[in-house]
Amino acid sequence: MDGTLVGLCAFGAVILLLGLRVPIAFALAGVATVGTFVMFAFRTGAFAPERAVRPTTSLVFSNSFDLIHSYDLSMIPLFVALGHIAYRADITTKIYHAARVWLARIPGGVAIASVVGCGGFSAITGSSIACASTMGRICSPEMLRMGYDKRLATASVAAGGTLGSLIPPSVLFIIYGIFTETSISSLFLAGILPGLLSLLGFILVIYVWVLRDPSAAPRFTGIITTREKFAAALDAWPAIALFTIIVGGIYGGFFTATEAAAVCVSAAVAIGFAQGKLTVKALIEALRETCVQTTAIFLIAAGAKIFVAFIALTGVAGEIVQVVTDAQLSPFMLLAAIAAIYLLLGMFLDPIGIMVLTLPLMVPLVETYGFDLIWFGVVVIKLLEIGLITPPVGLNVFVIAGVVGKEVPIDRIFAGILRFLSVDVIVLILIMAFPIISLLIPGSM
Amino acid sequence: MLRRIEQLLLDLAVAAVIGLGVLITATVLLRVCFNSGVPDAIVMVRELMVAAIVLPLAVTTAQRAHIAVEFVSNHLSENGQKALVVLGSVAGLFALAPLIYAGWREAAHAMTSGGFFFGELMLPKWPGRVIFLIGMSFCWLRLLLMVVADFKAMWHGEPLAETAYGTEG
Amino acid sequence: QSLFVGEAGPNRGARAVALQWFADKAVELSDGQLEMDIQWGGALFKAGAALNGIADGVADLGTVISVYFPQEMVAYGIADLPIQNPDAWVGMKATDELMRGSESIKANLAEMNLVYLGTFTTSAVHIGCKGAAIRTVEDIKGLKVRGVGAYGDTFREFGANMVPMSIYDAYQGLDTGLIDCSQGYSYAMAALKQQEVIDSYTLLNWGQVGALGVLMNKDSFDALDAPVQEALLTAGEGMADKLGELITADNDKAIETMKAAGVEIIELPEAERAKLVETSKQFLDQWVERAGQAGLDGAALLDEYRGLIEKYEGIRDEQGYPWARG
Ligand code: NA
Ligand code: NA
């Protein structure tokens, strides 16, 4: 059985099922399972289904179970819980009130603050999904409550979440560094300016959006004295304390980024009880919501992981890279082709899966062209980040959809994402055209 | 009855999340304050993760909280939309069945082989796998009941229930 | 016949080169009857699922790291024990001969639908520290250490506070002071740029983590013609020489890199090493007990293994390493 054909059919089947409103997790896992079964059944040429059962179930189980059975990913339920607890303990509302009165003059000030918050948060977690699931729970509901346009309130955070892997530290850069034998610390430094450039781009999108449609972000209209402003800032102390604990704890060597999630939840619970704003009942209710949402997110991630293993079996990713290798393109065309490949795969697969499938073949190819591997790493990570918010499978968008609940349908979020994507493409072209943006900081160290 | 079990599973997951928070915080505090730690904390965190993520699956399903793209279905008639909801649940039955079969095999294997994790406590491998099987199985059962109920509702031309628990929750 | 190979690691580094060499060699020896499709980076299964992945036929063969399967891979685990043997090539040759030759191990693997093909090693275990230096075993007391296996257990016995963390997170852990020391292998320390954050590196010359290698699905293996099976086995046996050459050179180079970065290289004195060996004996006894539970004569295997190490040390001393024989 031709693996490439099976792989391409699978991509088609996923699009079809998603269009038919099949839950994303079921579409990915189901198509991958059937595809895996087909691949194993035709392993020896003839159709032998009895021989496919054992490897298929083994692949399906290990890929979903191992994803969940993870120490590093424990930060996701804990950070989601932090969002819920902070919301119920009034911590998020206070910081948003402060942001609102302080940034009242800036169009879309609170959305901009959220995106900047994402940038700051990404400097901590190292993971885009963790960034989106936490900031999504903290920022989007507050913006919705303030009457922000639903697309703006959700898309800004989904886009902001993609900063998680470009601004160091970053799990994706570590994996890229291992696969290319390049310095992880150089990669981290190289990601800083492109990360800030992306952040700037997102801020610009929000600014222009709200300038053209002021109703998208209702401003604080009341009259407020300087004294009240400072009172609002003072009121926001728990959020500032939590942020200080995270940053100080990680950079002071007290705990790792994974441990930071648990420490912060404990601190938030302690603050909530001390201020008398949190009850045991509210805490349990918050954790119940946390569990339901985290489960929905993880089920999709597990489906995506099974899908990646299936794609590995088909060899379709390698086939695509091989076509590009054989074409002997000019450096410029090669770069365009690579961007196209990563954007295409990014529509369906998750970043780590794409790297594992493509880097072993892609890196030797770009090396023969003499490309700088540090700069190429930044390009790849930026492309993978864009894939997190492109339809049909945009993990960050699903994460936001999961944490805001049924209030905002996914297509509304994707509609908002389009504006951020256009700027992302410009940033991407800048990073590709001017390697100095990536190489300036690592070069001067 | 089933609803009670599902709520219990959800609350066990809540307990697992609390366990994650307490266990990791304790690890940090013991290290920072007493230069000591919790043995095999990483293994325990991983096992707790399975409980936290998989046990709430049935409730997530009952609350129709699985994420789907409604771009096309929004343009369909009401009956068409209902049909797609049922289709989604049926797809779930097909997608999860191999996971349950595999989970059963893995759980049985882990229990009979006596596999364990390398570490100070040599913790066994079966609890996480058994929890995985339980969570997936109840999710599948809930999906099946929802398919039946939704199909009935469609047949009688009634709207689909908001959640599997009726209006109360 | 196309075979799927599952490898949880990247396609870079000494182990990857050795695995690729093995695949190429097997194809060559089979007169092109074989085709090898290596899936890197755990695309098919992660390291923790490798054993079932291969036994169930997700991949036909692949790398298994025993530490993830202390129960199932108890026999192979002998190569992870702190037996005083820091030489990568000697360790691999001894492990390979034991795994290849022992009927009880072969039967034990066959029961799990597995066939042994060849072995790797991560090479000798050493330790790098920041703001601390291990010159005697007393220095270990009170240090926050990232370590694994029986080596980590021994550090704990000497009063270290063991901090669980992956080797990839060790850089940041050392940098921020979350940990004082990280157990590792010279080439891996250099590959992860840890010379930037450590200021001392103590050569323990104590033992290695060597219980990792290539296993094959027995059904897939049995389905092959005898000459093709032979090609796989021969290529597997050659991996020890290939990886030995690569890793020995990489380790030497890594030490030079560390020196150039201003890292103090400390040789642990013989008397101090003896204390490590003595304290780690209890973990050997624990292993013998576990092997017994699996129906293997652990004490006899251990004696055999020690004999094989001596044998290959003798060969090395008389003839030199195979790649240096010219
Ligand atoms: Na980051
Ligand atoms: Na996408």
Side-chain angles (χ1 to χ4, degrees), chain A residues 17-30 33-34 37 56-58 60-61 64-65 68-71 73-74 77-78 81 249 254-255 258-259 261-263 265-266 269 284 287-288 290-300 303 391-392 398 401-402 405-406 409-411 414, chain B residues 10-11 13-14 16-18 20-25 27-29 31-32 41-43 45-50 52-57 59-60 63-74 81 84-85 87-89 91-96 98-99 101-103 105-106 128-129 132 135:
Chain A
L17 288 177
L18 290 183
L20 291 176
R21 210 201 158 281
V22 169
I24 294 138
F26 298 155
L28 288 170
T33 308
V34 173
F37 189 83
T56 303
T57 49
S58 185
V60 166
F61 176 84
S64 51
F65 185 80
I68 298 164
H69 196 250
S70 160
Y71 176 78
L73 292 186
S74 68
L78 288 169
F254 294 106
F255 43 74
T258 312
E259 292 168 338
V263 174
V265 170
S266 303
V269 171
I284 291 184
L287 291 178
R288 280 187 182 142
T290 300
C291 285
V292 171
Q293 289 170 357
T294 319
T295 295
I297 295 165
F298 265 82
L299 200 63
I300 293 178
F398 300 158
K406 285 169 190 156
I410 285 196
D411 17 309
F414 273 128
Chain B
L10 178 62
D11 286 337
V14 166
V17 174
I18 294 173
L20 285 173
V22 170
L23 179 60
I24 300 175
T25 306
T27 310
V28 171
L29 289 178
R31 186 174 63 232
V32 173
I42 287 196
V43 176
V45 165
R46 286 183 168 157
E47 297 282 292
L48 283 172
M49 273 293 281
V50 180
I53 304 299
V54 182
L55 289 182
L57 267 175
V59 173
T60 304
Q63 292 184 3
R64 299 198 197 272
H66 290 300
I67 303 161
V69 183
E70 289 161 352
F71 179 66
V72 181
S73 70
N74 285 345
Q81 293 196 18
L84 290 188
V85 169
L87 175 76
S89 301
L93 288 175
F94 278 106
L96 294 186
L99 275 174
Y101 172 71
R105 250 191 47 188
E106 282 282 333
R129 284 156 169 83
F132 183 89

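Just so it is clear, the values below take in all heavy atoms, side chains as well, and ignore hydrogens, waters and symmetry mates. The structure displayed is predicted, hence computed values, not measured ones. Proteins come first, then strands; the chains are lettered A, B, ... in the order of their sequence lines, and each starts at number 1.
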Please flag which part of B/R64 lies under 4.5 Å from any non-hydrogen atom of chain A: side chain, backbone, both or neither.
both
Residues in side chain to side chain donor-acceptor pair (under 3.5 Å) contact with A/S74, at least two apart in sequence or another chain
none
Contact winner vs chain B - A/A29, A/A81, A/A296, A/C291, heavy-atom pairs under 4.5 Å:
A/C291
Is B/A91 close to chain A through its backbone or its side chain, or both, or neither, when contacts mean heavy atoms under 4.5 Å?
both
Less than 4.5 Å to any heavy atom of chain A: does that hold for the side chain of B/R31, its backbone, both, or neither?
side chain
When you measure from the side chain of A/T295 to the backbone of B/V54, do you find a donor-acceptor pair of N or O atoms at a distance under 3.5 Å?
no
Contact origin within B/E70 toward chain A - heavy atom pairs under 4.5 Å:
both
Residue pair B/V72 / A/R21, side-chain heavy-atom distance below 4.5 Å:
no
Cut-off 4.5 Å, heavy atoms of chain A, and the answer for B/F94 is neither
State which residues pass side chain to side chain contact (heavy atoms under 4.5 Å, CB included) with B/V32; sequence neighbours excluded, sorted by chain then number.
A/F254, B/V28
Top residue by heavy-atom pair count (under 4.5 Å) with chain A, among B/G92, B/A65, B/G103, B/P98?
B/G92
Tell me, for A/L78 versus chain B, whether the close heavy atoms (under 4.5 Å) come from the side chain, the backbone, both or neither.
side chain
Looking only at B/L48, B/I67, B/L57, B/V50, most heavy-atom pairs under 4.5 Å shared with chain A are made by B/I67
With a 4.5 angstrom heavy-atom cut-off, is it the side chain or the backbone of B/L29 that approaches chain A, or both, or neither?
neither
Identify which part of B/Q81 has an atom lying under 4.5 Å from any heavy atom of chain A, answering side chain, backbone, both or neither.
neither
